Amino acid sequence: MKTNETTSVRVRIAPSPTGFLHVGTARAALFNFLFARRHGGTFIVRIEDTDAQRSEKRFEDNIIEGFTWLGLTWDEGPDVGGPYGPYRQSERKDLYRTHLKLLLERDLAYHCFCTKEELEAQKNYMLANGIPPKYSGVCAGLGKDEVARRIADGALSVIRFRATAKKLAFGDGVKGKIEVDTELIGDFTIAKSVDEPLYNFTAAIDDELMRISHVIRGEDHISNTPKQILIQEALGFHTPHYAHLPLILGPDKSKLSKRHGAASILEYRDDGYLPEALANFLAFLGWHPGGEKEFYSLLELISQFDIAHVNKSNAVFNIQKLDWFNAHYIRQKSDDELCALCLPYLQKAGMIDASTDREKVKKIVALEKERLKKLSDIVPLSSFFFALPEYASEILVWKKSDAATTAKSLAASCAALEALDAPQFTEEAVKDALGAVASEFGNGAAYWPVRVALSGMEASPGPVEIAEVLGKDETIKRIRAGITRLNMI
Ligand code: GLU
């Protein structure tokens, strides 16, 4: 094994565009990005779209958009180009063909004509006889002429790599030393034909041709690594350093999947998660710089990132933790910024339009800031400002009061507020007016029913703030409606 001792760090994220960008790939991309930036290296995006049937441009676009939204930047990739392109495997077929032919010529790979049914039968035989299943080697010894004849006859074949049986060991930056007996792997398929190369082969070729120094990817690829190393060795390539990231599990400790929530990173965006929150959260799926500090910007993550401190054990995706990060980053936004971020959600819900007073919206958003876990929460949390929701009349009564007292205190509040002239309906004036009622009835019995009458909810911002946003007319209207309800209890 020739190790890659080049001094410059070159890492890649190599997504297959067969689905939307998911958490696992986003976390791997982030770790590669952090590692590259930490070491002044190069971060490459390589699109592994050799599976023409399952690869789609819309998935590639989604992946790139997701990376960009997360704040990642790359130095080489399909969109930005670079000295080792093209960066889409579907555009590199000539390179793969050349190397496949080389392996075939040197008899390091061979055509295998076994049918699916034959392979299945071989496997079943081995299993029945307690032999770990691998390719039986039926086609490994076919002569050149025989192969040529079968191909000329139109027989279908795949290309298998002749896996040298040996004890193979490689150092893993996260897991430590990993040893594999390649005898157990057997001759594996590297291409369906010279024009249809498969993942392990294309990855080995590209990691060499793109001068990749470190391969940082999910633990689910550990079993591919010996195969890729065998191919590298056969072709006289370097072997990069490997680091396999721990799996990401759902809260039920099974491998994270769509079942556990959002299927794609952009769904988190659309649901109102901030990129800085998601990046912070993803960075800690399997790694933590240590200490008490939890909130790290991308720049801080870069300065702290250390692949040697990535956990060996699996990480658990905890949505409450993500919400907690997100709520923090939401609170960091200025009222203007947060208002701008919330507008699309309010518009989409039909709660505001171009004619809605922006200052009013800003006030509403500022009032709900502390309660927002994600931007989309602004819709259910603030809808009462735009239209009073249906509510159970009983909730107007404070827990330590009764309906009769509540009716009296609400009537007193109504009168106190009515006495204010509309232009003077300021937060200060409302506060004083309600304060006078509170000194007669007590805080709970005075403020609670006004707040419920104005919001229709048991939890909301305070009555003074709501009244000030609603304005005098709407405030009085809602309190009167509350009094009517009380009289009917
Ligand atoms: N295309 C592979 C995937 O999406 C890349 C694995 C690797 O990083 O080598 O999982």
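For clarity, every value in this text was computed on a predicted model and none was experimentally measured. Every number for a ligand or one of its atoms is a count from 1 in the order of the listing.
Counting only heavy atoms of the protein, atom 1 (N) of ligand 1 lies nearest to E48 OE1, 2.6 Å. What sits closest to atom 5 (C) of ligand 1 on the protein, heavy atoms only, is A14 O, 3.1 Å. The protein non-hydrogen atom at the shortest distance from atom 8 (O) of ligand 1 is R12 NH1, 2.7 Å. Protein heavy atom nearest atom 9 (O) of ligand 1, with residue, atom name and distance: Y199 OH, 2.6 Å. Protein heavy atom closest to atom 10 (O) of ligand 1, with residue, atom name and distance, is H221 NE2, 2.8 Å.
Residues K363 and C339 form no side-chain contact, since every pair of their non-hydrogen atoms from C-beta on lies 4.5 Å or further apart.
F317 has its ring centre no less than 6.0 Å from the ring centre of H260. Outside the 6.0 Å centre-distance limit, the rings of Y268 and H22 are not counted as a close aromatic pair. Aromatic pair F305/W287: centroids less than 6.0 angstrom apart.
Listed for the D187 side chain is a donor-acceptor partner under 3.5 Å among the backbone atoms of A163.
Within the 4.0 Å heavy-atom shell around ligand 1 one does not find A203. Not a single heavy atom of Q228 sits less than 4.0 Å from an atom of ligand 1.
Listed by atom number, the atoms of ligand 1 under 4.0 Å from R217 heavy atoms are 7 (C), 8 (O), 9 (O).
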Residues 119-126, side-chain donor-acceptor partners within the protein, below 3.5 Å, at least two apart:
| unit_1 | atom_1 | unit_2 | atom_2 | d |
| --- | --- | --- | --- | --- |
| Q122 | OE1 | S136 | OG | 2.8 |
| N124 | ND2 | E120 | O | 3.3 |

